[in-house]
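Residue numbers count from 1 along this sequence.
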Amino acid sequence: AATAMADSPNSLQYNLPDSGLAPSFAEATFLTHMHERHGGSGLSMQSYALTIPLSDPRKTHWNNISINAQLDTKITVFNADGNLTLNNEVMYNVALPISFIQTMPNGNRLIVGIAPELATDGEAISHGTDLAAYAMYTVRKNEVFSYTFGIGISPRFAECFAVPFFGFEWQPTQDWTVSLQGYKLSAMYQVNDRLRVGPFAMSSGGIWAVDTPRGDENFRMRALVLGVTGEYNFAKPGQTKRVITASIGSNVATRADFLKRNTGKDSVETHHYKPAVYV
């Protein structure tokens, strides 16, 4: 399953993971039925995600730059009723992020990448393609604290074209780890060598190009979710980390919008929803 394209350390080396094209990540998410706060609609959501690795960044590199490539797929199913109308309730996401990783002698790390992506209801395909790009730099201050800053660019879907972001990982004690990664803030307690538990706050949802009676628009759903999560590492000695994660919580603020496909993504139609159960 692993094939080197060249033998010289200063040329391009390419290898798949030892497990080949077996999925490296799978996730199912459920948000139960929500009633609109001031209106006559309802909404629920289920999503199913799968990642297939296309390279092993530990064994794929060009000179001293590691290369990671993967195929990210996701299907999101909405169940809408009342005055929220979706011509197609099934949304599709397909992305091919390719990252170039440079690790510095001091432990800091630079990642630059591109991600061709498709986010659509299956009808508005021509308006659902995008070429995203990103750059991030991680500073390792010491053994217990590191932080990351960067910028993401999504010409088709980002409200302001470019979005800055910040993250960190802090271990205040031997048993606790506090981190902000992507759109998730968590504090995890190390119960034993295999189990971690703790509270989290995160953003859930997405944005897709959709077909509407007004023409192609963007449909965006955003929810702030609070809850608790547990992580169990079931890897055997000598294996890489293998983790199953289970979370339960509630969305405390949820908004669904139909947006124009302009630079500011002006809202055409907006719905706000009451809390429900997130799993």
Side-chain angles (χ1 to χ4, degrees), residues 25-34 36 39 41-52 70-98 113-134 152-163 165 182-184 202-225 251 253-273 276 278-279:
F25 172 82
E27 180 184 63
T29 302
F30 306 93
L31 191 58
T32 61
H33 189 268
M34 303 171 286
E36 191 169 3
S41 75
L43 186 66
S44 64
M45 182 190 80
Q46 309 93 46
S47 67
Y48 309 91
L50 194 69
T51 294
I52 298 175
Q70 62 192 47
L71 176 65
D72 293 331
T73 61
K74 187 175 184 180
I75 295 177
T76 303
V77 182
F78 289 103
N79 300 105
D81 57 48
N83 57 13
L84 173 63
T85 302
L86 290 169
N87 288 353
N88 301 284
E89 294 189 328
V90 180
M91 308 293 170
Y92 304 92
N93 291 80
V94 180
L96 182 64
I98 303 173
I114 58 173
E117 61 179 347
L118 174 68
T120 177
D121 64 350
E123 295 290 339
I125 295 178
S126 62
H127 293 132
T129 57
D130 198 8
L131 181 60
Y134 48 91
I153 299 172
S154 179
R156 181 79 76 177
F157 293 114
E159 190 169 346
C160 301
F161 183 81
V163 180
F165 57 86
Y183 297 103
K184 184 174 184 179
M202 63 174 285
S203 175
S204 180
I207 183 170
W208 303 265
V210 298
D211 173 56
T212 77
R214 298 177 293 261
D216 287 356
E217 295 176 347
N218 290 333
F219 176 71
R220 181 177 63 194
M221 185 272 214
R222 294 177 293 180
L224 173 61
V225 179
N251 56 313
T254 304
R255 175 172 173 167
D257 298 275
F258 288 94
L259 309 167
K260 293 181 180 179
R261 295 183 298 101
N262 55 18
T263 303
K265 304 295 182 291
D266 296 328
S267 177
V268 177
E269 178 183 331
T270 299
H271 303 265
H272 298 272
Y273 292 96
Y278 172 92
V279 180

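Side-chain atoms of D121 come within 3.5 Å of backbone N or O of E123 as a donor-acceptor pair. At distances below 3.5 Å, not a single donor-acceptor pair connects side-chain atoms of D130 with backbone N or O atoms of E117. A donor-acceptor pair is defined here as one N or O able to donate and one able to accept, closer than 3.5 Å; no such pair exists between the side chain of S154 and the backbone of A132.
Using a 4.5 Å heavy-atom cutoff, the side chains of L50 and F25 are not in contact. A 4.5 Å side-chain heavy-atom check between F30 and S44 finds every atom pair outside the cut-off. When side chains are defined from C-beta on, T76 does not count as touching V90, because their heavy atoms never get closer than 4.5 Å. Contact annotation: the side chain of R261 approaches that of D216 to within less than 4.5 Å [non-hydrogen atoms, C-beta and beyond]. Counting only heavy atoms from C-beta outward, the side chains of L43 and F78 approach each other to under 4.5 Å.
By the side-chain hydrogen bond (donor to acceptor under 3.5 Å, both in side chains) test, N83 pairs with no residue at all, sequence neighbours left out. With sequence neighbours left out, E89 forms a salt bridge (Lys or Arg N to Asp or Glu O under 4.0 Å) with no residue at all.
Between the OG1 atom of T120 and the CD1 atom of I125 there is a distance of 5.5 Å, given to the nearest 0.5 Å. One distance of note links CE of M34 with OH of Y278; it measures 12.5 Å at 0.5 Å rounding. Taken to the nearest 0.5 Å, the OG atom of S126 stands 10.5 Å off from the CG atom of L118. Separation of atoms CD (Q46) and OG1 (T29) is listed at 10.5 Å; rounding is to 0.5 Å. To the nearest 0.5 Å, atoms OG1 (T73) and CG (N93) are separated by 9.0 Å.
Salt bridge status for D72 with K74: absent, with no side-chain N to carboxylate O gap under 4.0 Å.
The minimum heavy-atom distance between Y92 and G122, with the atom names listed, is CD1-N, 4.1 Å. Nearest heavy-atom pair, L131 versus P155, reported as atom, atom and distance to 0.1 Å: O-CD, 3.5 Å. Contact record, S41 with Y273: OG-OH, 2.8 Å, taken as the closest heavy-atom pair. The two atoms that bring S204 and V225 nearest to each other are CB-CG2, 4.1 Å, heavy atoms only. Scanning all heavy atoms of the two residues, the minimum distance from N218 to K260 falls at ND2-O, 4.1 Å.
Residues in residues 263-273 take part in these salt bridge (charged side-chain N to carboxylate O under 4.0 Å, His left out) pairs, two or more places apart or across chains: R214-E269.
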| query | Yes or no on side chain to side chain contact (heavy atoms under 4.5 Å, CB included) for V268 and D257, after CA distance, side-chain angles and deciding distance? | reply | CA-CA 7 Å; V268 177; D257 298 275; over 6 Å; no

| task | Test I207 against L259 for side chain to side chain contact (heavy atoms under 4.5 Å, CB included), laying out the working first. | result | CA-CA 10 Å; I207 183 170; L259 309 167; 4.2 Å; yes

| said: Would Y183 and L224 count as a side chain to side chain contact (heavy atoms under 4.5 Å, CB included) here? Give the steps. | reply: CA-CA 10 Å; Y183 297 103; L224 173 61; over 6 Å; no

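Between the side chains of T51 and Q70, no donor-acceptor pair of N or O atoms lies under 3.5 Å.
Of the listed residues (L84, T270, T85), just one forms a side-chain contact (heavy atoms from CB on, under 4.5 Å) with F258, and that residue is L84. Checking each of M221, R222, H272 against T254 for a side-chain contact (heavy atoms from CB on, under 4.5 Å) leaves exactly one that passes, namely M221.
Aromatic ring centres of F165 and Y134 lie farther apart than the 6.0 Å criterion allows.
Between W208 and F219, the ring planes are parallel. Angles under 30° get that label, and only those over 60° would be called perpendicular.
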